[in-house]
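Numbered from 1 within each chain, the chains take letters A, B, ... in sequence-line order. Everything numeric in this text was worked out from a predicted model, so none of it was measured.
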Number of protein chains: 4
Amino acid sequence: MDADSKKMSRRERERQLRRQEILEAARAVFSARGYEGATLDEVAREAEFAKGTLYSYFDSKADLFAALVEREFEHVTERVKEVLAGESEPVRGVRAVIRVLLEFFESRSDFFRAAMALRDTGQREEVERIRATVKKKVDELGDIIGARLADGIRDGHFKEYDARFLGFLLLGIVHNYSVCAIKHGGDESLVSGADMLCDIYLDGVRILRPDVPEEE
Amino acid sequence: MDADSKKMSRRERERQLRRQEILEAARAVFSARGYEGATLDEVAREAEFAKGTLYSYFDSKADLFAALVEREFEHVTERVKEVLAGESEPVRGVRAVIRVLLEFFESRSDFFRAAMALRDTGQREEVERIRATVKKKVDELGDIIGARLADGIRDGHFKEYDARFLGFLLLGIVHNYSVCAIKHGGDESLVSGADMLCDIYLDGVRILRPDVPEEE
Amino acid sequence: MDADSKKMSRRERERQLRRQEILEAARAVFSARGYEGATLDEVAREAEFAKGTLYSYFDSKADLFAALVEREFEHVTERVKEVLAGESEPVRGVRAVIRVLLEFFESRSDFFRAAMALRDTGQREEVERIRATVKKKVDELGDIIGARLADGIRDGHFKEYDARFLGFLLLGIVHNYSVCAIKHGGDESLVSGADMLCDIYLDGVRILRPDVPEEE
Amino acid sequence: MDADSKKMSRRERERQLRRQEILEAARAVFSARGYEGATLDEVAREAEFAKGTLYSYFDSKADLFAALVEREFEHVTERVKEVLAGESEPVRGVRAVIRVLLEFFESRSDFFRAAMALRDTGQREEVERIRATVKKKVDELGDIIGARLADGIRDGHFKEYDARFLGFLLLGIVHNYSVCAIKHGGDESLVSGADMLCDIYLDGVRILRPDVPEEE
DNA sequence: CATGAATGAGACTTCATTCAT
DNA sequence: CATGAATGAAGTCTCATTCAT
């Protein structure tokens with residue numbers, strides 16, 4: 001995106017800039033009100049553009065939200081890729097991913113909340129596009145994580161479940177943790193939350209008792 | 001509810017019956033369209049009542065949905081209580097709970113999807129009541145599970161994390177699993193899903209290697 | 001009405017009784033909410049009848065209100081007639097009428113407020129009948145008072161304006177006084193209000209010169 | 001309003017213009033149907049705007065009516081102030097006020113009818129704001145007239161009743177006269193109506209004794 | 001392009017009236 | 001007759017989208 005800027009005319013560059021401003025405003029409003037609750041009036045006000053102007057950048061409310069989803073997920077996905085590129089050991093890789101995801105989800109928790117709500121809620125036709133987009137981006141992210149888990153499985157570090165599934169499970173656990181108000185303890189720092197999630201995701205809730213025979 | 005039927009007049013009993021019919025229709029529509037996407041027109045059509053009739057049973061769209069949430073969650077909660085009452089061993093208890101939850105969430109997955117979406121999405125005033133209701137019922141359920149986990153923690157079966165938190169984590173994992181399209185394998189039976197979730201929730205994704213020293 | 005009771009069957013007598021009960025309830029509700037604001041639901045609840053029952057006594061909401069108007073105005077008119085029958089002297093007659101009207105209007109001020117509002121407000125078709133009724137009853141009352149004023153005019157006690165007009169003016173002044181919150185002084189007793197209105201209606205607001213002896 | 005026009009942008013000026021158009025249409029519809037009987041559909045049709053457009057100028061039906069009340073009453077109040085400013089003699093002042101009020105009330109009689117009906121009728125919550133507005137504006141007008149009457153009382157021209165009360169009485173008499181269909185005679189000109197009302201308000205309906213010289 | 005006024009379909013809600021029991 | 005559940009027309013209000021300037 002930025003990389004392409006050099007090839008753009010000034011006009012085109014400014015257009016991209018305004019597009020980003022609108023997306024930024026949209027994020028604020030959608031985060032605060034949810035997709036259905038948000039109005040383009042408010043987005044326009046926040047972006048300091050006229051309502052009509054939004055329509056020369058995005059086709060519709062749904063399109064705007066979808067674009068936003070793309071952008072935000074691309075950020076996370078990018079970071080996850082970076083982290084995974086810098087850590088080849090599977091278990092440490094998982095830990096790093098959980099930490100990064102948690103960071104992102106927490107910093108944008110209201111937005112992800114709104115986006116994930118649309119992923120799952122069967123809605124009217126207009127919203128179908130967004131669902132598809134959210135799903136696509138979540139799948140993408142899940143697959144990237146899953147790919148690494150697959151490596152770990154092959155190496156004998158992780159149980160032999162479907163790697164994709166394990167990826168989504170990880171995503172789900174982290175998202176759930178950051179989005180729900182119910183957290184471990186009260187004022188826990190983000191890091192300790194991450195540690196705990198890592199611990200449970202990796203070793204479960206049961207206490208290991210090498211001397212105790214597996215029940216049943 | 002049923003227990004009270006005897007004390008009701010025929011009129012009152014019929015009223016309760018029709019109320020249930022409306023709730024049933026509402027579940028279908030809300031499940032298919034989500035809260036915002038659903039219209040009372042469609043609920044009325046589905047229930048084969050005039051729109052106005054709905055209003056003699058429920059005060060508003062939000063009220064109708066909230067009532068539905070209460071009813072559905074009460075069903076699950078009831079079953080979970082039963083299951084826990086019949087199983088005092090903590091680990092087996094957790095397994096049973098996961099199985100029951102999965103059953104319920106899967107059989108009503110679209111509805112729980114719609115309900116859970118409202119739990120977290122900050123929205124307009126009208127929806128606030130529903131959010132509160134969903135949160136209340138989810139908390140109730142989470143607490144019941146958490147209470148049993150607390151026992152397990154005390155007995156040294158589970159790690160010493162906040163029991164409430166572990167309860168919600170369990171709830172989140174199961175809900176996430178049943179709600180998302182992405183599952184382990186493809187046509188796996190429901191049972192295998194439950195087994196897998198149990199396995200991971202209890203022992204994590206990492207393979208136990210007693211002979212291998214903990215890394216890092 | 002009561003006079004006719006003897007000729008009625010028990011059934012018919014009871015019917016009349018229930019009709020009166022409904023009218024009584026209707027008065028309470030219409031007084032509190034105004035014609036448009038009142039609902040038949042509330043009237044039925046107040047009357048302790050089912051809503052449908054109202055329709056076997058009155059054709060419609062408008063019809064019920066019209067009947068109520070008739071009844072209430074007939075009471076005032078009756079009393080005014082009595083008073084006038086007992087007082088042949090014009091000035092004293094006017095005084096007595098003002099006193100009676102004030103009594104009635106104050107005791108039923110909310111109702112007369114609601115009724116008079118309909119007299120003047122052009123509304124949708126449905127209400128037209130009520131307007132006509134209110135107008136008819138007000139006219140009737142105005143004419144009765146006007147007739148006595150006409151006598152006074154003929155006798156040289158009152159100015160030679162249209163007697164009907166003077167009658168309505170009197171009615172208007174009293175109604176206005178009893179219906180508006182704005183009154184002379186604060187906790188004035190009803191009587192002093194009547195005296196004042198009499199004084200002004202008869203002699204105006206202007207002070208008679210001190211060298212001129214007060215007539216009567 | 002007009003005075004500020006210069007400072008407004010063209011856009012703002014046009015907006016004000018359209019606002020006035022809507023108010024004009026609203027006056028026509030509310031006058032013909034009364035507040036409750038009027039529908040925004042009809043106002044929109046009359047104003048030749050879409051229904052939704054009304055809502056970018058006024059928050060609600062009640063808000064639109066309240067704005068209308070403010071505007072109309074401000075016109076009368078303005079004129080009354082002017083007239084009083086140009087006439088310091090109390091009795092002549094009263095005469096001038098009656099004439100001006102009559103003029104206004106007659107030219108907009110249907111509207112004032114609708115407005116005054118709301119002043120007194122206890123109704124549902126939504127209307128409360130309008131009631132308050134009407135009351136405020138009527139009180140304002142009554143007080144202005146009352147203030148002048150107070151001067152007259154102090155100077156010994158008027159009887160020593162509460163000046164506020166006398167102001168409202170005057171208002172009531174004139175409004176009543178212009179609003180009711182029942183008037184003095186039939187086709188009497190407006191002026192003679194005013195003269196008559198002046199005569200009666202000042203000196204009442206009773207004939208002054210022949211041996212008593214007419215004052216002034 | 002930017003603007004924001006205008007649009008109008010569509011949603012929720014109310015309530016007088018009807019009618020089967 | 002009494003009942004009150006059911007009806008559905010009608011009203012208010014919202015807001016995504018369009019379009020003339």
Rounded interatomic separation in angstrom, taking [atom1] from [X] and [atom2] from [N]:
X     : N      : atom1 : atom2 : result
A:K61 : F:dT14 : NZ    : P     : 15 Å
B:E42 : E:dC12 : CD    : P     : 10 Å
A:D63 : F:dA16 : CG    : P     : 14 Å
C:L64 : E:dC15 : CG    : C1'   : 15 Å
B:R19 : F:dA6  : CZ    : C1'   : 17 Å
B:E12 : F:dA5  : CD    : P     : 9 Å
B:R45 : E:dA11 : CZ    : C1'   : 13 Å
D:Q16 : E:dA5  : CD    : C1'   : 14 Å

Q: Select from B:E48 and D:S60 the residue whose nearest nucleotide in DNA chain F is closer to the 5' end of that strand.
A: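 Upstream on the strand: B:E48.
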Q.
If you assign each of D:L40 and C:Y57 to its closest nucleotide in DNA chain F, which residue comes earlier from the 5' end?
A. C:Y57
Both distances below 3.5 Å, Watson-Crick or wobble geometry, any strand: find the nucleotide opposite [N].
N      : result
F:dC1  : none
E:dG8  : F:dC15
F:dA10 : E:dT13

Taking any heavy-atom pair under 4.0 Å as a contact, classify [X]: base, sugar-phosphate, or nothing.
X     : answer
C:A38 : sugar-phosphate
A:R18 : sugar-phosphate
A:F58 : nothing
A:T53 : base

Q. Looking only at heavy atoms, which two atoms of A:L23 and A:L68 are closest? And how far apart?
A.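 Shortest heavy-atom separation between A:L23 and A:L68 comes out as O-CD1, 3.4 Å.
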**Q.** Any donor-acceptor N/O pair, C:K136 side chain to C:E70 backbone, under 3.5 Å
**A.**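 No; judged by distance alone, with no hydrogens or angles, the pair does not exist.
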Q: Could you check C:G52 against A:R15 and say which one's nearest nucleotide on DNA chain E is further toward the 5' end?
A: A:R15
Q) Quick one: on DNA chain E, does D:L54 or A:A50 contact a more 5' nucleotide (nearest heavy atom)? A)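 Its nearest nucleotide being more 5', the pick is A:A50.
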Side chain of [X] only, heavy atoms from C-beta on: which candidate in [options] is closest?
X     : options               : answer
C:Y55 : E:dT18, F:dA6, F:dT17 : E:dT18
A:F49 : E:dC12, E:dT17, E:dT3 : E:dT3
D:R11 : F:dA16, F:dT12, E:dG4 : E:dG4

Q | Side-chain donor/acceptor of C:K51 to base of F:dT3, under 3.5 Å | A |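 Side chain to base: no pair present.
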Q.
Would A:K61 pass as a cation-pi partner of A:Y55, given that its NZ or CZ must be under 6.0 Å from the six-membered ring centre and within 45 degrees of the axis?
A. no
Q: Using the six-membered ring of C:Y57, assess whether NZ or CZ of C:R15 lies under 6.0 Å from its centre and within 45 degrees of the ring axis.
A: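 Yes - C:R15 lies over the ring of C:Y57, closer than 6.0 Å to its centre and within 45° of its axis.
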Q: Rounded to the nearest 0.5 Å, what's the gap from CD on D:Q16 to CD on D:E21? Could you check?
A: 12.0 Å
Q: Compute the centroid of each ring, for C:F111 and then for C:F30, and state whether the two points are separated by less than 6.0 Å.
A: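 No, too far apart.
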